[in-house]
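Written out below as structure tokens is the structure these notes cover.
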Amino acid sequence: MSKEEKFESAHQPAGGWGSVKAVTKILAQEKVLLQGGRVLMKQNKPDGFACVSCAWAKPAHPHPAEFCSNGAQATAWEITSKRVDPGFFQRHTATELESWTDHALEAEGRLTAPLRWDAASDKYLEVTWKQAFDEIGAELKKLAPKSSVFYTSGRASLETAYMFQLLARMYGCNNLPDSSNMCHESTSVALPETIGVPIGTVALDDFETTDCIFFFGQNVGTNSPRMLHQLQEARKRGVPVITFNPLRERGLVSFTNPQDPAQMLTADETGISTQYLQLKAGGDSAALMGLCKFLVEWDDAALRDGRARVLDARFIEQHAHGFEEFAAAARACSWESIERESGLDRGALELAAGAYANARAVIGVYGMGLTQHKKGVQNVQMLSNLLLLKGNIGKPGAGICPVRGHSNVQGQRTVGISEKPELVPLDKLEQQFGFKAPRDKGLATVDTCHGILDGSVRAFVSLGGNFVRAAPETDLLEPAWRRLRLSVQIATKLNRSHVLHGEVAYILPCLGRIEIDRQASGEQAVSVEDSTGCMHGSRGQVEPASPGLLSEPAIVAGIAQAALAPNPALDWQTWVGDYSLIRAEIARTWPEIFHDFEARMWKPGGFARPIAARQRIWKTPTGKATFVAPASLDENPDMPGRPDVLTLFTLRSDGQFNTTIYHNDDRFRGVYGTRRVLLMNPGDIQRLGFAEGDRVTAATLADDGVDRTVAGLRVTPYNVPQGCAAGYFPECNPLIPLWHHAEESMVPAAKAISITLSRTEAA
Ligand SMILES: Nc1nc2c(c(=O)[nH]1)N[C@H]1C(S)=C(S)[C@@H](COP(=O)(O)OP(=O)(O)OC[C@H]3O[C@@H](n4cnc5c(=O)[nH]c(N)nc54)[C@H](O)[C@@H]3O)O[C@H]1N2
Ligand SMILES: Nc1nc2c(c(=O)[nH]1)N[C@H]1C(S)=C(S)[C@@H](COP(=O)(O)OP(=O)(O)OC[C@H]3O[C@@H](n4cnc5c(=O)[nH]c(N)nc54)[C@H](O)[C@@H]3O)O[C@H]1N2
Ligand SMILES: [Mo]
């Protein structure tokens, strides 16, 4: 990592030698060079382990090295030889650790033994697993079930997630918030209404036959780099890739394939995007409306002149509902409002609409740039509208492709992690396990934050993750978090949600997915679901970080046994002894997805869950693929603009996985040695009276009486549209008001926060 701050205009392509060098450096930094190299060859292979970084699809015929430098970084970070043992906690009080950075805390290495916070010394002290489970069970029994929450970050396996949701429901609540509530929940709410499934419809081989790709708000080079292979292949076939993103992201501009020696030697790059539209943050609904307006009006003209139709009229007639209302809304929408709200000119949109009109099969890819907005659900539905206009759902080479984040975040939803009881087959679970499942709606992430703030949430049991850092409204949430009665953190590495803690607080260290998991019946495997709905087996490859660790299923079982009355239909310890028994129960609950689970999970490429929309079966309220006309194109109705106000969007760097900060460099954006930056348009810097290198304080524009500021951000000129600025997640999270979230999905609107700037006073 760079020790000094450095800023340059980024010019190297994504992938390429930069990646190879980066991998070697990471393995050396974590002191796992030899072992790491061997382990990486097992990453994302049918007989190996599923990468713990992103959720992108794992191909049936993998590349010799089916990992990217970020996946390698995640592996090295997990199999590191560094340890944070009970001795470390003897040397540092919890209060002292509060002043450490996210990077410093996790860089200490893997947790090795269960720990309990001791009020007298303000230190975490080692305890036995039995002591931990007994007290956690006793505390949970004393509390009202509705005042406890069971949070999941998206990394734990299908087996663990299934056990965890059972634990919560048998205990008596549906309080199962998860990281997805901050991420693709906008997808899960938007798509069931329009196409009748909560997930994407694209399979890996659709990329081989598509003839046009639209890309909205997803930073492939950093966040799902293995997908660059599919994009590069498509580009070689001449497929246009049209990108909508306020930043010119390296991975979307060009890519050198580190797996292709010829390309490496000649430094040849594949240009990725054929058209790059730098829209305003929050301008997507308007941009999509512009595309749809062109298509509808071109189709109107074709119909009038007796020419071939532009839209897929047969698809619309046979399969769609709501087309006329939507088309009327598109015709009525003014170019003035489309250009104003999107920040794009009509000519650029016309070019993109032309490429769409000419393509036989189109894929629409998207990420957080669509979902993390006040109108996040509408954004996703507008992309769905665009695709439906030409029947681009449910045919080869076409479809909608939300790129999921955590490596099993989609799968956890599939096996019952949801606060919405109607999404889970509770009758089935009741039959299988002879208990009465709670039927009322549980708490999602934003509800949970409210509950922590008002004191109604008393216990927080966390299956991975770093809730306090990932959630919005940091400065109010942190002090409230300390008033929790009970905080339980099942984790691999130390983070801020552990060092801030409740009155009774435990850290329970677990095996990571890359580690060999030995139980009564022998070495265990687990399973995960990727972004394209394929399930994969995953086997640990390295010795556990410490003999003191338990597996995640064993920890969930330990808590369940201590907190719940015995249940003759469910022996948690038998499950822990043999995970295939858990899979058998998952298959009983969802036979249509998981039949023959044990055999099929080792199929190269995984086994695909049925996705009705792929067959043009529409499980929507209307029984058809449904167009939804947008209510308005203003994406930020709760945060008005002003000339001195910038729209801040928060980003991930190349050197992080969410709140895990590997290092302070962001090589594709040319930012080195610091994360405290504000990337600004040079015209705005001048207009607002600042200069490069100034330190500024960002303050949220809101009149609710709460001061939200982040100080000491370095003014850094960057190619962003006027009126927009970018900063890093999680450093900028104190700026996000808890009420600023997507209307229907409650995803915090981390991609459009109205801020004003002032010079930071020297301390
Ligand atoms: N290496 C690495 N990989 C990761 C992660 C990580 O932190 N590090 N995190 C994982 C997780 S949990 C997730 S959810 C995914 C996230 O992956 P992404 O979906 O790529 O999320 P972000 O990095 O937040 O940035 C999204 C992109 O949206 C653009 N953007 C911002 N605002 C707008 C807007 O209003 N409109 C449009 N069109 N674009 C906009 C940004 O410039 C950026 O390129 O990645 C996963 N993979
Ligand atoms: N401003 C802003 N805020 C955001 C976002 C944004 O773009 N901008 N993105 C949002 C999104 S998309 C997401 S998904 C959330 C992420 O929110 P979370 O999922 O809660 O956070 P992570 O940083 O992924 O969690 C990291 C921690 O997980 C633990 N961990 C790692 N591996 C394992 C494991 O195998 N098992 C267990 N038990 N624990 C493990 C480690 O202790 C590590 O410190 O943040 C959200 N917050
Ligand atoms: Mo995410």
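This is a predicted model, so every value here is computed, not measured. One is the number of the first residue; the rest follow in order along the sequence. Note: hydrogens, waters and symmetry copies are ignored here, and every other heavy atom, side chains too, is used. Whatever order the structure lists them in is the order used to number ligands and atoms, beginning at 1.
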Around [atom], find the nearest protein heavy atom and jot down its residue, atom name and distance.
atom                    : result
atom 21 (O) of ligand 2 : N466 N, 3.6 Å
atom 23 (O) of ligand 2 : T659 OG1, 2.6 Å
atom 8 (N) of ligand 2  : T650 OG1, 2.9 Å
atom 28 (O) of ligand 2 : G465 N, 3.0 Å
atom 47 (N) of ligand 1 : N223 O, 2.9 Å
atom 43 (C) of ligand 1 : E249 OE2, 3.3 Å
atom 11 (C) of ligand 2 : R652 NH2, 3.4 Å
atom 20 (O) of ligand 2 : Y151 OH, 2.6 Å

- Message: Using heavy atoms and a 4.0 Å limit, tell me yes or no: is R469 in contact with ligand 2?
- Response: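 Outside the 4.0 Å threshold, so no.
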- Message: Just to check, does C732 reach to within less than 4.0 Å of ligand 2 when the distance is taken from its heavy atoms?
- Response: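 No, C732 has no heavy atom closer than 4.0 Å to ligand 2.
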Checking the side chain of [X] only, and the main-chain atoms of [Y] only, is there a donor and an acceptor separated by less than 3.5 Å?
X    : Y    : value
R675 : E731 : no
N385 : Q381 : yes
T75  : G71  : yes

- Message: I'd like to know if the side chain of Y579 pairs up with that of S527 as donor and acceptor (distance under 3.5 Å, no hydrogens or angles considered).
- Response: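 Per modelled atom types, Y579 and S527 side chains form no pair under 3.5 Å.
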Using a 4.0 Å heavy-atom cut-off, which part of [X] comes near ligand 2: side chain, backbone, both, or neither?
X    : value
E106 : side chain
N733 : side chain
A750 : side chain
A470 : both

Select one of side chain, backbone, both or neither to describe which atoms of [X] lie under 4.0 Å from any atom of ligand 1, heavy atoms only.
X    : result
L370 : neither
N658 : both
F649 : side chain

Below the 3.5 angstrom mark, is there an N/O of [X], backbone or side chain, next to an N/O of ligand 1?
X    : value
D284 : yes
T222 : yes
H406 : no
F244 : yes
H373 : yes

Against heavy atoms of [X], which atoms of ligand 2 measure under 4.0 Å?
X    : value
M368 : 12 (S)
N495 : 27 (C), 42 (O), 43 (C), 44 (O)
C183 : 12 (S)
M182 : 10 (C), 11 (C), 12 (S), 46 (C)
G464 : 37 (C), 38 (N), 39 (N)
I736 : 1 (N)
K751 : 7 (O)
E552 : 34 (C), 36 (N), 37 (C), 38 (N)

Any idea how [X] and [Y] line up, ring-wise: parallel (<30°), tilted (30 to 60°), or perpendicular (>60°)?
X    : Y    : result
Y124 : F89  : perpendicular
F657 : H406 : tilted
F244 : F214 : parallel

- Message: Please report whether ligand 2 has a polar contact with S153, defined as an N or O pair separated by less than 3.5 Å (distance criterion only).
- Response: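 The answer is yes, given that S153 and ligand 2 share an N or O pair closer than 3.5 Å.
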- Message: With respect to L511, determine whether any N or O atom, backbone or side chain, lies less than 3.5 Å from an N or O atom of ligand 2.
- Response: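 No; the residue has no nitrogen or oxygen that sits under 3.5 Å from a nitrogen or oxygen of the ligand.
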- Item | Pair F88 and W100, ring centroids less than 6.0 Å apart |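 So the answer is yes for these two rings.
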- Query: So, H536 versus F49, ring centres under 6.0 angstrom or not?
  - Reply: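 No, they do not, as the ring centres are separated by 6.0 Å or more.
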- Single hit among Q29, E30, E106 for side chain to side chain donor-acceptor pair (under 3.5 Å) with W77: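 When side chain to side chain donor-acceptor pair (under 3.5 Å) is applied between W77 and each of Q29, E30, E106, only E106 qualifies.
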